[in-house]
Amino acid sequence: MSDTHTVVLVEGASDKSAIEALAKRHGRHLMAEGIALLAMGGATNIGKYTARFGPRGRGLRLAGLCDAREEGDFRRSLEHAGLGTDLSRSDLEALGFFVCVADLEDELIRALGTAAVERVVDAGGELSSFRTLQRQLAWRGRSTHDQLRRFMGSGSGRKIRYSGLLVEALDLDRVPRPLDMLLAYL
């Protein structure tokens with residue numbers, strides 16, 4: 001990290017995978033640009049990383065991506081790190097932190113549409129597993145969107161595996177706003 005000038009803080013490996021895939025599609029190599037992507041192992045760890053890399057630590061430029069339910073954790077940690085007070089959503093964005101409506105999977109499913117996501121799942125060889133989930137009593141009658149979100153969140157490594165594949169399937173003019181804004185910020 002000696003040549004790093006920006007650290008992008010994301011909740012987990014699936015977020016990191018999606019950002020890497022989007023950067024690659026835009027012909028960018030973030031590490032070569034001095035930008036490090038750091039999966040924190042959960043949003044509640046942000047305070048540790050803002051302290052280590054932010055103005056009171058190494059003094060690096062920070063950016064990030066979080067789910068709506070973790071926005072408060074991000075806001076408090078950025079305020080504690082000395083990056084503002086009473087931060088609003090637009091203040092977060094000015095600092096380079098972007099919020100997914102529910103989560104990254106939700107954003108990607110909405111951007112692609114459920115039929116396209118099902119095609120990606122089929123290409124991944126897991127359409128029959130998804131159909132099994134759809135037949136489960138707890139998931140019958142739920143929207144395909146909700147079923148796909150649950151499917152992505154179940155199974156070891158599935159979120160990580162599909163986040164990059166879903167980004168690869170996107171038309172670049174339909175990239176979810178938080179991902180698009182983050183990459184533009186970087």
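Numbering starts at 1 and runs along the sequence shown. Values in this document were obtained by computation on a predicted structure and should not be read as measured data.
In this structure, CD1 on Ile109 lies 10.5 Å from CD on Gln147, to the nearest 0.5 angstrom. The CG atom of Asp15 lies 8.5 Å from the CE atom of Met40; values are rounded to the nearest 0.5 Å.
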### Task
Show your reasoning for whether side-chain contact (heavy atoms from CB on, under 4.5 Å) applies to Leu9 and Ile46.
CA-CA 7 Å; Leu9 303 171; Ile46 186 160; 4.3 Å; yes
### Message
Checking Phe130 against Thr144 for the side-chain contact (heavy atoms from CB on, under 4.5 Å) test, could you report, in this order, the C-alpha distance in whole Å, the side-chain angles of both residues, the deciding distance, and whether it holds?
### Response
CA-CA 10 Å; Phe130 175 61; Thr144 305; 4.3 Å; yes
### Message
Could you go through Val8 and Leu186, starting from their C-alpha distance and side-chain angles, then the distance that decides it, and tell me whether this counts as side-chain contact (heavy atoms from CB on, under 4.5 Å)?
### Response
CA-CA 9 Å; Val8 181; Leu186 300 175; 3.6 Å; yes
### Message
Please evaluate residues Val7 and Tyr49 with respect to the criterion side-chain contact (heavy atoms from CB on, under 4.5 Å), reporting the C-alpha separation (whole Å), side-chain torsions for both, the decisive distance (0.1 Å), and the verdict.
### Response
CA-CA 9 Å; Val7 176; Tyr49 292 102; over 6 Å; no
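Cluster annotation: Leu148 is connected to Leu127 through the hydrophobic network of ILVMFWY side chains, with a link wherever side-chain heavy atoms come within less than 4.5 Å. In the hydrophobic clustering of this structure, Val10 does not group with Leu60; members are Ile, Leu, Val, Met, Phe, Trp, Tyr whose side-chain heavy atoms approach within less than 4.5 Å, directly or through other members. Under a hydrophobic-cluster definition in which Ile, Leu, Val, Met, Phe, Trp and Tyr are linked whenever side-chain heavy atoms come within less than 4.5 Å, directly or via other members, Leu30 and Phe98 are assigned to the same cluster. Taken together through direct or relayed side-chain contacts under 4.5 Å among Ile, Leu, Val, Met, Phe, Trp and Tyr, Ile19 and Leu92 form parts of separate hydrophobic clusters.
Minimum interatomic distance between His5 and Glu33 (heavy atoms only, all atoms of both residues): NE2-O, 2.7 Å. Minimum heavy-atom separation, Ala81 to Arg56: C-NH1, 3.7 Å. For Phe74 against Leu65, the heavy-atom pair with the smallest separation is CZ-O, 3.8 Å. Here the shortest heavy-atom pairing between Ala116 and Leu112 reads CB-O, 3.4 Å. In terms of heavy atoms, Ala43 sits closest to Asp73 at O-CB, 4.3 Å.
When atom types are taken as modelled, the side chain of Glu11 and the backbone of Ala39 share no donor-acceptor pair closer than 3.5 angstrom. When atom types are taken as modelled, the side chain of Glu71 and the backbone of Val99 share no donor-acceptor pair closer than 3.5 angstrom. A side-chain donor-acceptor contact under 3.5 Å links Glu79 to the backbone of Asp86.
Contact check for His145 versus Arg110: side-chain heavy atoms found under the 4.5 Å cut-off. Contact of the Met152 side chain with the Val117 side chain is registered, since non-hydrogen atoms from C-beta on lie closer than 4.5 Å. The closest side-chain heavy-atom distance from Arg58 to Phe53 is below 4.5 Å. Side-chain atoms of Asp106 and Cys100, non-hydrogen and from C-beta on, never get closer than 4.5 Å to each other. You'll find the side chain of Thr132 reaches within 4.5 Å of the side chain of Arg135, heavy atoms only. Side-chain contact check for Thr50 versus Leu78: some heavy-atom pair is nearer than 4.5 Å. Between Phe97 and Leu87 there is no side-chain heavy-atom pair separated by less than 4.5 Å.
Residue pairs meeting the ring pair (Phe, Tyr, Trp, His ring centres under 6.0 Å) criterion with at least one partner in residues 16-46, sequence neighbours excluded, are absent. Residue pairs satisfying the salt bridge (charged side-chain N to carboxylate O under 4.0 Å, His left out) criterion with at least one member in residues 112-133, sequence neighbours excluded, are listed as follows: Glu118-Arg131, Glu126-Arg158, Glu126-Arg161.
Using a 30° and 60° split on the angle between ring planes, Phe151 and Tyr162 fall in the tilted class, from 30° to 60°.
Classification of Asp103 and Arg149 as a salt-bridged pair holds, one side-chain N sitting under 4.0 Å from a carboxylate O. A salt bridge does not link Arg150 to Asp146: none of the charged side-chain nitrogens sits closer than 4.0 Å to a carboxylate oxygen.
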Would you list the atom pairs, donor with acceptor, under 3.5 Å between side chains in residues 163-184 and any protein atom, with sequence neighbours excluded?
{"residue": "Ser163", "atom": "OG", "partner": "Ser14", "partner atom": "O", "Å": "2.8"}
{"residue": "Ser163", "atom": "OG", "partner": "Ser17", "partner atom": "OG", "Å": "3.4"}
{"residue": "Ser163", "atom": "OG", "partner": "Lys159", "partner atom": "O", "Å": "3.3"}
{"residue": "Ser163", "atom": "OG", "partner": "Ile160", "partner atom": "O", "Å": "3.2"}
{"residue": "Arg174", "atom": "NE", "partner": "Ala111", "partner atom": "O", "Å": "3.0"}
{"residue": "Arg174", "atom": "NH2", "partner": "Ala111", "partner atom": "O", "Å": "2.9"}
{"residue": "Arg177", "atom": "NH1", "partner": "Glu93", "partner atom": "OE2", "Å": "2.7"}
{"residue": "Arg177", "atom": "NH2", "partner": "Glu93", "partner atom": "OE1", "Å": "3.1"}

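A cation-pi arrangement is present between Arg61 and Tyr185, with the terminal nitrogen or guanidinium carbon under 6.0 Å from the aromatic centre and inside a 45° cone about the axis.
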